[in-house]
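What follows is one structure encoded as structure tokens, with my remarks underneath.
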Amino acid sequence: MGNAVLGVIGGSGLYDLPELVGAEWVTVDSPWGEPSDAVRIGEVDGLKVVFLPRHGRGHRYAPSDINYRANIDVMKRCGVTSLVSVSACGSLKEEMAPGSFVLVDQFIDRTFAREKSFFGKGCVAHVSMADPVSPRLVEHIAAAGAAEGLTLHRGGTYLAMEGPQFSSLAESKLYRSWDCDVIGMTNMPEAKLAREAEICYATVAMVTDYDSWHPHHGAVDIQEIIKVLHANSDNARRLVARLAKDLPRQHEACPVGSDTALEYALMTAPEMRDPALVAKLDAVAGRMLSR
Ligand SMILES: CSC[C@H]1O[C@H](OP(=O)(O)O)[C@H](O)[C@@H]1O
Ligand SMILES: Nc1ncnc2[nH]cnc12
């Protein structure tokens with residue numbers, strides 16, 4: 001299946017990966033506009049790793065301002081085959097305590113002010129999001145976490161909210177009644193776009209707080225979040241470094257078809273496609289559109 005390339009999107013508190021060898025910041029242009037930052041490209045034991053700070057260095061972009069399409073397009077242009085999203089989140093479950101990590105396997109998308117697809121008028125596509133994360137990548141992350149002695153929860157539903165304000169108590173209780181496990185502001189549409197770009201995706205959710213619902217913890221507060229983030233960014237970096245060491249150097253076919261998601265997804269007849277949109281899709285859908 002070709003060489004594996006590991007992409008890492010670092011969320012709040014993760015703006016660099018010092019573990020990368022021979023790393024350089026590289027500006028990659030995208031027809032989808034401005035990505036959050038340049039990418040840091042380096043390697044770990046021969047594996048190419050591409051790191052992008054989701055909010056930009058210095059945390060310049062709010063969740064609604066991030067150009068998720070450009071970020072995923074840039075990852076695709078860099079050859080990324082597996083993408084790990086490291087994301088701070090609130091916990092909606094007692095047992096998922098601040099400081100722990102959750103390998104989520106489902107998302108509920110409540111965001112409403114973001115571009116959510118590379119496709120549209122002139123080139124329509126519908127990909128499956130039934131299994132939004134790649135199980136094989138999750139297995140490798142879980143093994144890396146265990147090797148590093150981290151507290152990891154396997155499985156969970158991530159509620160993506162628009163933000164930037166945190167949830168009201170009523171919203172927090174509503175999401176708990178939906179049996180959601182964690183809440184954040186960024187993994188949608190990121191996961192949808194990764195799927196459209198045929199990149200295997202998985203999220204490492206770093207729990208920083210109990211959102212607003214917990215009777216014995218005050219409402220979520222950014223100072224507390226920052227403290228937990230500082231205490232955990234080393235753990236997140238160790239996890240990613242171990243993953244990079246141990247990830248198979250050949251890309252493994254995704255059992256849920258993340259890496260072939262466009263195979264039967266394109267709906268628009270070739271002669272009816274908009275050439276301008278097709279040109280922008282050169283990286284994301286070149287595999288299908290050049291056939
Ligand atoms: C710093 S608290 C809110 C902020 O943190 C999370 O960001 P990310 O997912 O990039 O780690 C959350 O989604 C909000 O954007
Ligand atoms: N409680 C919370 N809600 C939304 N995003 C978050 N990121 C970290 N904690 C969060």
Side-chain angles (χ1 to χ4, degrees), residues 1-11 14-32 34-57 67-87 103 118 133-145 147-148 190-191 193-204 233 236-255 258-262 281-287 290:
M1 291 223 66
N3 288 339
V5 176
L6 178 64
V8 179
I9 296 190
L14 194 63
Y15 308 102
D16 198 359
L17 268 189
E19 291 78 6
L20 294 186
V21 173
E24 281 180 26
W25 289 99
V26 179
T27 301
V28 181
D29 292 330
S30 168
W32 299 94
E34 287 275 304
S36 299
D37 208 328
V39 285
R40 187 128 170 103
I41 304 184
E43 60 173 64
V44 173
D45 293 351
L47 176 78
K48 179 176 172 184
V49 180
V50 183
F51 174 80
L52 175 66
R54 180 186 283 127
H55 301 271
R57 279 167 286 177
N67 187 338
Y68 296 92
R69 293 194 298 190
N71 287 355
I72 295 295
D73 177 72
V74 159
M75 286 283 161
K76 188 76 182 177
R77 281 177 200 283
C78 292
V80 167
T81 52
S82 289
L83 178 58
V84 178
S85 145
V86 182
S87 304
L103 300 183
F118 290 108
V133 304
S134 295
R136 218 157 254 161
L137 180 56
V138 172
E139 287 302 327
H140 292 302
I141 299 171
E148 291 297 325
E190 196 172 84
L193 294 164
R195 178 58 53 86
E196 287 188 344
E198 300 189 319
I199 298 175
C200 293
Y201 184 88
T203 291
V204 176
S233 58
R237 278 205 294 271
R238 277 197 294 124
L239 173 62
V240 170
R242 173 68 72 137
L243 172 69
K245 274 201 170 67
D246 294 348
L247 193 76
R249 271 36 188 168
Q250 288 294 301
H251 176 69
E252 302 167 299
C254 177
S258 310
D259 44 12
T260 52
L262 291 176
L281 288 164
D282 63 331
V284 160
R287 186 181 79 84
S290 59

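Numbers for residues simply follow the sequence, beginning at 1.
With Arg242 contributing its side chain and Glu148 its backbone, the two residues share no donor-acceptor pair below 3.5 Å. For the pair Arg136 (side chain) and Ala253 (backbone), a donor-acceptor distance under 3.5 Å is present. In this structure, Asp259 contributes its side chain and Thr81 its backbone to no donor-acceptor pair below 3.5 Å.
For the pair His140 and Asp246, the minimum side-chain heavy-atom distance is 4.5 Å or more. Considering only heavy atoms from C-beta on, Ser258 comes within 4.5 Å of Arg195 through its side chain. Side-chain atoms of Leu193 and Phe118, non-hydrogen and from C-beta on, do get closer than 4.5 Å to each other. Counting heavy atoms from C-beta outward, Val86 and Arg237 have side chains that stay 4.5 Å or more apart. When side chains are defined from C-beta on, Val8 does not count as touching Leu52, because their heavy atoms never get closer than 4.5 Å. Using a 4.5 Å heavy-atom threshold, the side chains of Ile72 and Leu83 count as touching. Contact annotation: the side chain of Glu19 never approaches that of Val49 to less than 4.5 Å [non-hydrogen atoms, C-beta and beyond]. Looking only at side-chain heavy atoms (C-beta outward), Val284 and Arg69 stay at 4.5 Å or farther from each other.
Here the closest non-hydrogen pair linking Leu262 and Ala285 is CD1-CB, 3.7 Å. Closest non-hydrogen pair, Arg57 versus Ala38, comes out as NH2-CB, 4.0 Å. Summarising the geometry of Ile9 relative to Met75, their closest heavy-atom pair is CG1-CE, 4.1 Å, with the distance given to 0.1 Å. Scanning all heavy atoms of the two residues, the minimum distance from Leu247 to Ala4 falls at CD2-CB, 4.5 Å. Between Val138 and Ala202, the shortest heavy-atom distance links the atoms CG2-CB, 4.0 Å. When all heavy atoms of Val74 and Ser30 are compared, the closest pair comes out as CG2-CB, 4.0 Å.
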What's the verdict on side chain to side chain contact (heavy atoms under 4.5 Å, CB included) for Leu6 and Phe51, showing C-alpha distance, side-chain angles and the deciding distance? CA-CA 9 Å; Leu6 178 64; Phe51 174 80; over 6 Å; no
Evaluate the criterion side chain to side chain contact (heavy atoms under 4.5 Å, CB included) for residue pair Asn3 and Arg249; output intermediate values, then yes/no. CA-CA 6 Å; Asn3 288 339; Arg249 271 36 188 168; 5.9 Å; no
Please test Val44 against Val21 for side chain to side chain contact (heavy atoms under 4.5 Å, CB included), starting from the C-alpha separation and ending with a verdict. CA-CA 6 Å; Val44 173; Val21 173; 5.7 Å; no
Using the rule given for side chain to side chain contact (heavy atoms under 4.5 Å, CB included), can you reason through His251 versus Cys200, listing the C-alpha separation, both sets of side-chain angles and the distance that settles it, and then say yes or no? CA-CA 10 Å; His251 176 69; Cys200 293; 3.7 Å; yes
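Residues forming a side chain to side chain contact (heavy atoms under 4.5 Å, CB included) with Asp16 (at least two apart in sequence, or on another chain): Trp25, Arg40. Among residues two or more places apart in sequence or in another chain, the side-chain hydrogen bond (donor to acceptor under 3.5 Å, both in side chains) test is passed with Arg77 by Asp73, Asp282.
Of the inter-residue distances, the one linking Ile199 atom CD1 with Ser82 atom OG reads 9.0 Å to the nearest 0.5 angstrom. With values rounded to the nearest 0.5 angstrom, Asn71 atom CG is found 6.5 Å from Asn67 atom CG.
Ser85 and Arg54 are linked by a side-chain donor-acceptor pair at a separation below 3.5 angstrom, with hydrogens and angles left out of the test.
Residue Glu34 qualifies as open at atom CD: its count of foreign heavy atoms under 6.0 Å is 12 or below.
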